[in-house]
Structure formats: C-alpha cells, structure tokens
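To start, the structure itself, in structure tokens.
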2 protein chains.
Amino acid sequence: MSNAVFYHAGCPVCLGAEQMLINALDRNKYQLESVHLGEQADRIAAAEAAGVVSVPALVLDDQVFHINFGAALTALKS
Amino acid sequence: MSNAVFYHAGCPVCLGAEQMLINALDRNKYQLESVHLGEQADRIAAAEAAGVVSVPALVLDDQVFHINFGAALTALKS
C-alpha cells in the first residue's frame, strides 16, 4: 500500500479533483490522504519540498501531478 | 464500467502521467483509453469539445483534468 497525498485549499477546482480521486483512485494500491493547506499551514513546507507549486496537486510515489489549477502555493503562504 | 480517456502527445510529461494512471486508476471502475493526439489528429475535435486545452489531460465522467503541462492543444493542430 502506497501513500497518495492530495494537497488542496478547499477551492471548487480542488473539490472537483478530490471527488475524482476518491472515485477513481485504486484503493487497493493507494491510501489517500487529503491535506487542506489553508487549514494546515504546517504542511506547506513539505508540499513545497515534494515539488508542489499549485493546488490541487497529487503526490504519488514521489511524483507530483498538478491537476487543473486552483491556486498557487505562494498564495497560501501568508 | 466508465470510460476514462487520456489525451496526450507522447511528451515526457505525458508519459509520466500515463504511467501514473496505468498504476493508480481503479480498473474495476474505469476502462482507460489512451489517445495520442499527435498520431490521431482526427480525435482533436472531440478532445476540444470535451474541454481539453492542453495535454496530458484525462477526461473522466465528462470532467476534464489537466495533469501537469506538456503542450497546448492548439500546438497540436497543424
């Protein structure tokens, strides 16, 4: 079982991508963790280190997949 | 079983996204079709109608998810 981390900021584009992942991700292979960077600002550094530049983004097996565009990571740092 | 259509253009970013989908998509729910728009130019119109503006992109249940960025759809029209 691998970890899949979905980073988002609660935006409509994020929620659409999250719903898609909840439906489509193979749960026999991946455990999905959803991280709201607006509420969990302490996770921003790790997201950035993983290569996330915008949300929504999915980090899967050390690879980053930006899914559509909701907000830049820099906009979440305040 | 729903159809998942993955549009790409053979670019490295596309191939990374395709590999992720092959690994992570729940095949009990989705049948994955991979369409190379550089080789199947007759599929560009349908991709565009579905809302695809760049590749790689995944169309799932009538929703478009652009995954990272490889090339604009307009660049594939020649």
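Proteins come first, then strands; the chains are lettered A, B, ... in the order of their sequence lines, and each starts at number 1.
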**Message:** Less than 4.5 Å to any heavy atom of chain B: does that hold for the side chain of Leu60(A), its backbone, both, or neither?
**Reply:** side chain
**Prompt:** So does Gln31(B) have more than 12 non-hydrogen atoms from other groups sitting under 6.0 Å from CD?
**Reply:** no
**Request:** Rounded to the nearest 0.5 Å, what's the gap from CG on Leu58(A) to CZ on Phe65(B)? Could you check?
**Result:** 12.0 Å
**Prompt:** If Ile, Leu, Val, Met, Phe, Trp and Tyr residues are connected whenever their side-chain heavy atoms lie under 4.5 Å apart, and connections chain through other members, are Leu37(B) and Leu32(B) in the same group?
**Reply:** no
**Request:** Kindly give the heavy-atom pair with the smallest separation between Asn28(B) and Asn28(A), and that separation in Å.
**Result:** ND2-ND2, 4.5 Å
**Asked** Which of the residues Ser54(B), Ser2(B), Ala57(B), Ala24(B) is involved in the greatest number of heavy-atom pairs with chain A at under 4.5 angstrom?
**Response** Ala24(B)
**Message:** Tell me if the CD atom of Gln40(B) is crowded by more than 12 foreign heavy atoms within 6.0 Å.
**Reply:** yes
**Item:** Side chain, backbone, both or neither of Asn23(A) within contact of chain B (heavy atoms, under 4.5 Å)
**Value:** both
**Asked** If Ile, Leu, Val, Met, Phe, Trp and Tyr residues are connected whenever their side-chain heavy atoms lie under 4.5 Å apart, and connections chain through other members, are Ile67(A) and Leu25(B) in the same group?
**Response** yes
**Message:** If hydrophobic clusters are built from ILVMFWY residues whose side chains come within less than 4.5 Å, do Phe69(A) and Val13(A) share one?
**Reply:** no
**Message:** Can you tell me which portion of Tyr30(A) sits under 4.5 Å from chain B's heavy atoms? Options are side chain, backbone, both or neither.
**Reply:** side chain
**Asked** Going from CD on Gln19(B) to CD on Gln63(A), what distance comes out if it is rounded to the nearest 0.5 angstrom?
**Response** 8.5 Å
**Message:** At a 4.5 Å cut-off on heavy atoms, which part of Val64(A) comes close to chain B: side chain, backbone, both, or neither?
**Reply:** backbone
**Request:** Tell me, yes or no, whether the heavy-atom count around Asp42(B) atom CG, taken from other residues, nucleotides or ligands under 6.0 Å, exceeds 12.
**Result:** yes
